[in-house]
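Source: prediction; values computed, not measured.
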Amino acid sequence: MTWESIERLKTAAERNALAISEVKAAGRKVVGLYCLYSPAEVALAAGAVPVVLCGTRNDPIATAEQVLPRNLCPLIKSSFGFAMEGSCPYLSAADLVVADTTCDGKKKMFELLGEMKPVHLLHLPSTPGEEALPFWHGQLEGLVKRVESDFGVAITQENLTDAIRLANRERRALKALMDLPQMDPAPVTGMQMLEMLFKLGFFADRETVIELAEGVVDEVQAAAKAGTLPQGKGGPRILLTGVPVGMGSHKVVRLIEECGGQVVCMENCTGYKKADLVDETGDPLTALARRYLATPCSVMVPNQGRFDLLEKLVADFRPHGVVDLTWQACHTYNVEAYKVRNFLRDRFDLPSLHIETDYSEADAEQLKVRIEAFLEMVGG
């Protein structure tokens, strides 16, 4: 299925590859972000450009393994490999990198990265909820002070509130985009959705992100209203949960769809985990702390938020089955897979397939056999 608005988005993304150098030439500061726990609003409030940093390609992993152990998560190795090679233009442009202690591997990698770039490490509590809020609020206060000091600016409550409103507009636009596959059959493929979400994460201008995402939504919804919506190939509807994916680490999404499935929803950090809004009333830093602390990551104990989100997405997207993806050596997601499988079975009588893999294509044929068997079982 080809949509004009998706082609416009791709064209804009190709031009955007050069935009980061224009941002730097204009004298603006760039803040690199590795994780959903890092609030982009702080960078926006400082007049800086927040950018998502690279870590989804297999190419730099061999370079990283000159320093890092081989039995480490590919996301960590890919991120560090980009830094060693200097091959990620967004990391090269970053005046400050904001990192989070979401796992021990990342934490120690960021210690090494700090020898190459200015890094501000946010120490994440392992328990979500109100009891952890004061500590996390203090961590965000420290980030605000670091940005003010490094960039020579003052971040006011008004600046933060304006940044929250802009980021919320972006979240609404991206959620509307991700909601499109609630239609059956889905009007966009999982690979199309993944490519759009991935490329939109690198735009320096939030208004452009909103405009491009809304353009796709408007075109698809207009076609649906006119009764001219192209009929997709159908096939079992699959909800993808687990670790983040991106272009370069898209192997499982590609294989599911090559085998005849439809990836209609991604619960992970690439997808719906970033859709929740920030409260636009009251103290903005407290609102940011509360919203970001609620991110349903497997590092949290307990991680009830993930199961609440899965329950909502199962109701909204009506999947025939769930694929739970874990990167090799990602221990928290690997352990949590047991609870996810039982939850889906007991709550919804929904079958699931747990896949543990890395970024390489070495196991692609083996995975294809497992995925084909799973899709045949779930029907559709």
*Specify the closest pair of heavy atoms between G321 and V378, including all atoms of both residues, with the distance to one decimal.*
CA-CG1, 4.3 Å

*Output the distance between atom OG (S79) and atom CD1 (I61), rounded to the nearest 0.5 Å.*
9.0 Å

*Salt-bridged, E207 to R169, with N to O below 4.0 Å?*
yes

*asked:* Ring-plane angle category for F110 and Y34, please: parallel below 30°, perpendicular beyond 60°, tilted otherwise.
replied: tilted

*Which heavy atom of Y292 sits nearest a heavy atom of S38, and at what distance?*
CE2-O, 3.6 Å

*asked:* Would the distance check show the side chain of H250 and the main-chain N or O of G248 forming a donor-acceptor pair, the cut-off being under 3.5 Å?
replied: yes

*asked:* Closer than 3.5 angstrom, by distance alone: can the side chain of N303 be matched with the main-chain N or O of C297 as a donor-acceptor pair?
replied: yes

*Determine, step by step, whether V323 and V252 satisfy the side-chain contact (heavy atoms from CB on, under 4.5 Å) criterion, reporting the C-alpha distance in whole Å, the side-chain angles of both residues, the deciding distance to 0.1 Å, and the verdict.*
CA-CA 9 Å; V323 171; V252 170; 4.2 Å; yes

*Determine whether N342 and R345 make a side-chain contact, defined as any pair of heavy atoms from C-beta on separated by less than 4.5 Å.*
yes

*Kindly work out whether a path of hydrophobic side-chain contacts (I/L/V/M/F/W/Y, heavy atoms less than 4.5 Å apart) joins V147 to Y90.*
no

*Which side-chain hydrogen bond (donor to acceptor under 3.5 Å, both in side chains) pairs, counting each pair once, include a residue from residues 45-64, with sequence neighbours left out?*
R57-D59, T63-E85

*Decide side-chain contact (heavy atoms from CB on, under 4.5 Å) for L325 and L240; before the verdict, give the C-alpha distance in whole Å, the side-chain angles of both, and the deciding distance to 0.1 Å.*
CA-CA 7 Å; L325 175 61; L240 182 70; 4.2 Å; yes

_L177 and V188: CA distance, side-chain angles, deciding distance, side-chain contact (heavy atoms from CB on, under 4.5 Å) verdict_ = CA-CA 10 Å; L177 180 65; V188 297; over 6 Å; no

*Please answer: with hydrophobic residues joined when any side-chain heavy atoms are less than 4.5 Å apart, are V243 and Y272 in the same cluster?*
yes

*For residues P351 and F374, report the shortest heavy-atom separation together with the two atoms involved.*
O-CZ, 3.7 Å

_Backbone N/O of A163 and side chain of R206: donor-acceptor pair under 3.5 Å_ = no

*How many angstroms lie between SG in C259 and CD1 in I371, if you round to the nearest 0.5 Å?*
5.5 Å

_For a quick check under 3.5 Å, do R171 and N168 share a side-chain donor-acceptor pair by atom type?_
yes

_Is there a continuous path of hydrophobic side-chain contacts, each under 4.5 Å between heavy atoms, that joins V209 to L53?_
yes

*asked:* Can you give me the closest heavy-atom contact between Y359 and S78, atom names plus distance?
replied: CE2-CB, 3.8 Å

_Taking V42 as the starting point, is it possible to reach L140 by hopping between hydrophobic residues whose side chains are less than 4.5 Å apart?_
yes

*Heavy-atom donor-acceptor pair, Q262 side chain to G235 backbone, under 3.5 Å*: yes

*Is E111 paired with K108 through a side-chain N to carboxylate O contact shorter than 4.0 Å?*
yes

*Do M247 and V52 belong together in a cluster built from hydrophobic side chains that touch within less than 4.5 Å?*
no

*Side chains of E336 and T326: does their closest heavy-atom pair fall under 4.5 Å?*
no

*How many angstroms lie between atom CG of L367 and atom CD of E372, to the nearest 0.5 angstrom?*
11.0 Å

*Around F135, counting heavy atoms of other residues, nucleotides and ligands shown, do more than 12 lie under 6.0 Å from its CZ?*
yes

*Taking K273 for its side chain and L36 for its backbone only, find out whether a donor-acceptor pair lies under 3.5 Å.*
no

*Does the T161 side chain pair with the main chain of Q157, one donor and one acceptor, at a distance under 3.5 Å?*
yes

_A93 backbone acceptor or donor facing K24 side chain under 3.5 Å_ = yes

*K312 (side chain) donor-acceptor with D308 (main chain) under 3.5 angstrom*: no

*Do D324 and S352 come close enough that some side-chain heavy atom pair is under 4.5 Å?*
no

*R254/E361 salt bridge by N-O under 4.0 Å criterion*: yes

*R70 backbone acceptor or donor facing K77 side chain under 3.5 Å*: yes

*Indicate yes or no for a side-chain donor-acceptor contact from K251 to the backbone of S360 under 3.5 Å, with no hydrogens or angles considered.*
yes

_Could you check whether Q182 and D179, counting side-chain N and O atoms only, form a donor-acceptor pair closer than 3.5 Å?_
yes

*Above 12 or not: heavy atoms from other molecules or residues under 6.0 Å from CD of E158?*
no

*asked:* If you count heavy atoms of other groups shown closer than 6.0 angstrom to CG of D349, is the number above 12?
replied: no

*Locate the shortest heavy-atom distance separating V23 from V30; write the atom from each residue and the value.*
CG1-CG2, 4.0 Å

List the atom pairs, donor and acceptor, that lie under 3.5 Å between side-chain atoms in residues 118-131 and the rest of the protein, sequence neighbours left out.
{"from": "E130", "atom 1": "OE1", "to": "R290", "atom 2": "NH2", "distance (Å)": "3.1"}
{"from": "E130", "atom 1": "OE2", "to": "R290", "atom 2": "NE", "distance (Å)": "3.0"}
{"from": "E130", "atom 1": "OE2", "to": "R290", "atom 2": "NH2", "distance (Å)": "3.3"}

_For the student: nearest non-hydrogen atoms of I155 and A45, plus distance_ = CG2-CB, 3.7 Å

